[in-house]
Protein chains: 2
Amino acid sequence: MAAAIELADRDGIESISMRKLAQELGVEAMSLYTHVRNKADLLDGLADAVIGQIPTSTDGADWKASLRQIVFAARGVVLRHPWAPRAVQAQTAPGPAALHYINAVIGILREGGFSIAQTHHALHILGSRVLGFTQDLFDDSGDLEPEAAASLASALGQSHPYAVEMALAVTHAGTLGPCDDDAEFEFALEFILDGLARLQQS
Amino acid sequence: MAAAIELADRDGIESISMRKLAQELGVEAMSLYTHVRNKADLLDGLADAVIGQIPTSTDGADWKASLRQIVFAARGVVLRHPWAPRAVQAQTAPGPAALHYINAVIGILREGGFSIAQTHHALHILGSRVLGFTQDLFDDSGDLEPEAAASLASALGQSHPYAVEMALAVTHAGTLGPCDDDAEFEFALEFILDGLARLQQS
DNA sequence: CTTGTCGTCTTTACATCGTAAGGTTAACCC
DNA sequence: GGGTTAACCTTACGATGTAAAGACGACAAG
């Protein structure tokens with residue numbers, strides 16, 4: 001398992017094959033099947049192993065602080081293992097670590113005074129963000145060069161003015177500066193936490 | 001392309017192979033490479049084709065109504081093609097349809113009075129929801145039988161009380177009833193739209 | 001009518017993949 | 001010491017993506 005994580009960190013998750021992982025361990029491919037039912041099982045284990053790395057202990061004063069703390073911890077793990085979102089998404093069933101984690105999250109909300117229904121809604125609103133990542137429409141974190149920006153503007157400016165305006169604003173020279181994913185994640189999380197607080201009071 | 005969509009609808013997206021798709025078209029596998037650079041290119045095309053099915057015209061009175069309308073339209077398409085989220089996520093670069101769509105979404109917000117910075121934040125908050133789907137932690141839409149629920153409660157009730165409480169509440173017999181994904185999606189969207197309205201005013 | 005170009009489709013081939021079936025080996029218990 | 005068991009190995013099969021080279025018809029230029 002540890003070897004698989006190391007391999008995924010180095011070469012990406014889609015380059016994990018039974019043969020390569022076995023080679024990493026100085027062993028033949030088929031030997032892995034004594035410890036794992038099949039490849040899907042292995043990947044499920046991988047996903048659960050990453051989730052297991054998230055510390056679930058919280059010392060937050062209230063539910064908001066605790067939730068923020070646990071989600072940031074999750075994000076830290078995800079940033080260390082960029083393949084984690086893929087692995088989690090491919091998961092067929094939640095493993096023990098996932099169960100432990102989700103139990104901790106639900107616990108924070110319930111102890112914080114959320115009803116079951118409110119907690120359920122909160123989980124759906126948070127979605128994968130509670131695990132430290134989000135699926136965006138496209139990657140806007142890459143900073144494109146001025147020349148590329150110019151050609152983009154002239155090529156698509158007519159047909160897609162709003163998209164181009166936004167793309168240009170997010171460049172290094174644009175009005176917003178390059179997109180800071182961490183800051184955006186934090187902003188979105190805070191946005192949702194505030195909304196949840198309002199939801200709870202109503 | 002149409003044949004690929006049909007095949008994906010029928011057998012799921014991971015069962016799309018060059019040979020099977022070719023067979024569907026009464027042709028050999030290698031013939032596809034005259035029309036497509038490689039398989040990744042094909043899947044990108046698939047993703048863009050689904051996005052292209054989303055109507056981008058809106059007759060909403062304000063930005064909120066328009067955004068709601070376009071997102072629900074997107075959700076309709078996604079529900080018709082359950083493999084769409086996977087395809088969109090695997091996309092390497094946004095295609096023309098994706099560009100057109102994102103331009104429409106940004107346009108709604110900008111015309112609705114959102115600044116560029118606010119619009120940028122909104123996109124990150126909405127994430128994939130703007131395309132009609134969300135990545136959840138786990139699938140809670142399946143309704144489990146009473147016996148399974150009982151064994152679950154006795155097996156994990158001690159170690160994971162909050163998770164079990166939630167799982168039981170979401171069964172048919174539970175206090176919340178079975179999870180209605182559509183209702184949850186709508187609730188979460190409305191939650192975010194309300195938050196965005198507040199964001200705009202501040 | 002011939003000749004050459006071009007777009008489409010085919011054939012063959014190769015490396016890589018997951019894994020089924022069966023065999024070997026070393027540790028350990030009675 | 002015979003039997004059990006867990007870990008590992010060898011061989012093999014079918015499926016996959018795609019590189020390389022060719023076949024065949026349509027069509028424009030000579």
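In what follows, every chain begins at residue 1, and chains take the letters A, B, ... in the order their sequences are listed.
- Put simply, CE on Met30(A) is 12 Å from C1' on dC17(C), counting in whole angstrom units.
- In terms of phosphate contacts, Thr34(A) brings no side-chain nitrogen or oxygen within less than 4.0 Å of OP1 or OP2 of dA6(D).
- Nucleotide dG17(D) holds its C1' atom 14 Å from the CD1 atom of Ile16(B), rounded to whole Å.
- Nearest nucleotide to the Val27(B) side chain, out of dT10(C), dG18(C), dT16(D): dT10(C).
- Close to dC8(D), at under 4.0 Å from its OP1 or OP2, lies a side-chain N or O of His35(A).
- In this structure, His160(A) and His100(B) have perpendicular ring planes: the angle between them is above 60°, well past the 30° mark.
- Rounded to a whole Å, the CE atom of Met18(A) is 10 Å from the P atom of dA20(C).
- If you measure from atom CZ of Arg37(B) to atom P of dG17(D), you get 17 Å, rounded to the nearest angstrom.
- Residue Glu14(A) contributes atom CD, which lies 14 Å from atom C1' of dC17(C) at whole-angstrom precision.
- The side-chain heavy atoms of Ile116(B) and Arg110(B), taken from C-beta on, include a pair separated by under 4.5 Å.
- No more than 12 heavy-atom neighbours from other residues, nucleotides or ligands sit within 6.0 angstrom of CZ on Arg37(B).
- Summary of the strand contacts: Arg19(A) and Ser31(A) both lie near DNA chain D, and taking for each the nucleotide with the nearest heavy atom, the more 5' one is attributed to Ser31(A).
- Using a cut-off of 4.0 Å between Lys/Arg side-chain N and Asp/Glu carboxylate O, Lys64(B) and Asp194(B) are scored as salt-bridged.
- When rounded to the nearest whole Å, the span between CG of Leu32(B) and P of dA19(D) equals 14 Å.
- Side-chain atoms of Asn103(A) and Met166(B), non-hydrogen and from C-beta on, never get closer than 4.5 Å to each other.
- Comparing dG17(D), dT19(C), dC17(C) by their nearest atom to the side chain of Asn38(A) picks out dT19(C).
- Checking the phosphate oxygens (OP1, OP2) of dT16(C), no side-chain nitrogen or oxygen of Lys20(A) falls inside 4.0 Å.
- If you take CD of Glu28(B) and C1' of dT10(C), they are 6 Å apart, rounded to a whole angstrom.
- Between dC17(C) and Ser17(A), a contact under 4.0 Å exists linking OP1 or OP2 to a side-chain N or O.
- Rounded to an integer number of Å, the gap from Asp41(A) CG to dG18(C) C1' is 14 Å.
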